[in-house]
Amino acid sequence: MLKQKIYKLLIGTNNKGKLREIKSLLPKNIKIHSTSEFNLKSPPEIGKTFEENSLIKSKYFSKKTGLFCLADDSGLEIDFLDKGPGIYSARWAGRHGDFNKAIKKVYRELNKKNKNWEKKKIKARFICALSISYLNKKIACVVGKVDGSISHKPKGKNGFGYDPIFIPKRSKKTFGEMKPSKKYKLDHRFKAFMKIKKFL
Ligand code: ITT
């Protein structure tokens with residue numbers, strides 16, 4: 001555990017949805033910096049797991065800025081699609097980050113597996129690996145998960161990414177239909193944050 005307190009932190013993401021959510025979780029006494037201030041693109045995600053990719057990002061952004069960096073690698077695992085898209089969740093949206101396209105691909109892949117997929121409960125989970133690094137040194141890396149299922153069609157305009165098709169357990173609404181303040185308190189990122197906040 002770090003002896004000194006972190007009072008300046010870079011959030012190592014270029015995803016606006018993640019940035020909003022992580023900002024709302026961080027204590028107010030920490031001065032937050034974002035990658036846009038430094039004009040930094042995200043590094044290639046060549047890891048094989050969420051943890052590896054999260055650390056690639058937090059180390060890369062910390063080395064580029066000299067700041068402590070908190071990075072997030074996350075995605076949606078669908079059991080019926082052999083846990084896809086998983087670490088490829090962003091890549092399913094293509095080069096321009098089009099999540100209508102990614103969501104269409106989810107339904108296309110479900111149809112390919114089984115035309116009657118709508119008769120089954122399609123179990124899925126969101127996973128988030130948060131890591132903190134300072135230069136090339138890992139300070140912490142944790143994982144949070146939220147279980148749920150895939151909605152038969154996209155619902156709701158809130159949130160980002162795959163939110164309109166994910167129904168968390170014990171809910172009737174998709175993340176896309178929930179108020180952000182409600183989603184933020186039960187999702188994968190929140191669960192990971194609860195584990196990593198002691199390092200801040
Ligand atoms: P950075 O690498 O710059 O952080 P990214 O969008 O490429 O941005 P990831 O590689 O971690 O991030 O991709 C994860 C994708 O999974 C992301 O693009 C989202 O669309 C999706 N995702 C992750 N968390 C989500 C959430 O809470 N709600 C909806 N979709 C989510």
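Atoms considered below: every heavy atom in the structure, side chains included; atoms not considered: hydrogens, waters and symmetry mates. Atoms within each ligand, like the ligands themselves, are counted from 1 in listed order.
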Checking a contact table here: which protein heavy atom is nearest atom 27 (O) of ligand 1, and how many Å away? K183 NZ, 2.7 Å
Yes or no: does H188 have any heavy atom under 4.0 Å from an atom of ligand 1? yes
Report the nearest protein non-hydrogen atom to atom 7 (O) of ligand 1: residue, atom name, distance rounded to 0.1 Å. A90 CB, 3.7 Å
Is the closest heavy atom of G75 to ligand 1 under 4.0 Å? yes
D73 neighbourhood, listing ligand 1 atoms whose heavy-atom distance to it stays under 4.0 Å: 9 (P), 10 (O), 11 (O)
Give yes or no for whether the N/O distance cutoff of 3.5 Å, strictly under, is met between R189 and ligand 1. yes
Take the angle between the ring planes of H188 and F126 and call it parallel below 30°, perpendicular above 60°, tilted in between. parallel
Which of the ligand 1 atoms, numbered from 1, are nearer than 4.0 Å to a heavy atom of N14: 1 (P), 3 (O)
min-distance protein heavy atom vs atom 21 (C) of ligand 1 -> Y162 CD1, 3.9 Å
Could you tell me, atom by atom, which parts of ligand 1 come under 4.0 Å of a heavy atom of S89? 15 (C), 16 (O)
Residue and atom name of the nearest protein heavy atom (relative to atom 20 (O) of ligand 1), distance in Å to one decimal: F99 CZ, 2.8 Å
Please determine if D82 and K113 form a salt bridge, counting it only when a charged side-chain N lies under 4.0 Å from a carboxylate O. yes
Minimum side-chain heavy-atom gap T13-S42 below 4.5 Å: no
Note the single closest protein heavy atom to atom 8 (O) of ligand 1, along with its residue, its atom name and the distance in Å. N15 CB, 3.5 Å
Could you find the nearest protein heavy atom to atom 2 (O) of ligand 1 and give me its residue, atom name and distance? K57 NZ, 2.7 Å
Just need the protein heavy atom nearest to atom 4 (O) of ligand 1, so name the residue and atom and give the distance. T13 OG1, 2.6 Å
Would you mind telling me which of F166, F160, Y162, W92 makes a ring-ring contact (aromatic ring centres under 6.0 Å, His included) with F99? Y162
At a 4.0 Å threshold, what atoms of ligand 1 neighbour a non-hydrogen atom of E45? 2 (O), 7 (O), 10 (O)
Would you check whether F175 reaches within less than 4.0 Å of ligand 1, judged by its heavy atoms? no
Here the pair of heavy atoms bringing D72 nearest to K57 is O-NZ, 3.0 Å
So for F166 against ligand 1, with non-hydrogen atoms under 4.0 Å, the contacting part is neither
Please give me the minimum heavy-atom distance between K8 and H33, naming the atom from each residue. CG-NE2, 4.0 Å
K18 neighbourhood, listing ligand 1 atoms whose heavy-atom distance to it stays under 4.0 Å: 1 (P), 4 (O), 5 (P), 8 (O), 9 (P), 11 (O), 12 (O)
State which residues pass ring-ring contact (aromatic ring centres under 6.0 Å, His included) with W117; sequence neighbours excluded, sorted by chain then number. Y107, H152
Evaluate side chain to side chain contact (heavy atoms under 4.5 Å, CB included) for T49 paired with I87, printing each intermediate quantity in order. CA-CA 7 Å; T49 62; I87 60 167; 5.6 Å; no
Counting only heavy atoms not in K28, do more than 12 fall under 6.0 Å of its NZ? yes
Heavy-atom closest pair (P164 atom, T174 atom, distance to 0.1 Å) is O-CG2, 3.3 Å
Determine, for R125 against D147, whether the closest basic-nitrogen to carboxylate-oxygen distance falls under 4.0 angstrom. yes
Among all the protein's non-hydrogen atoms, which is closest to atom 28 (N) of ligand 1, and how far away is it? D163 OD1, 2.6 Å
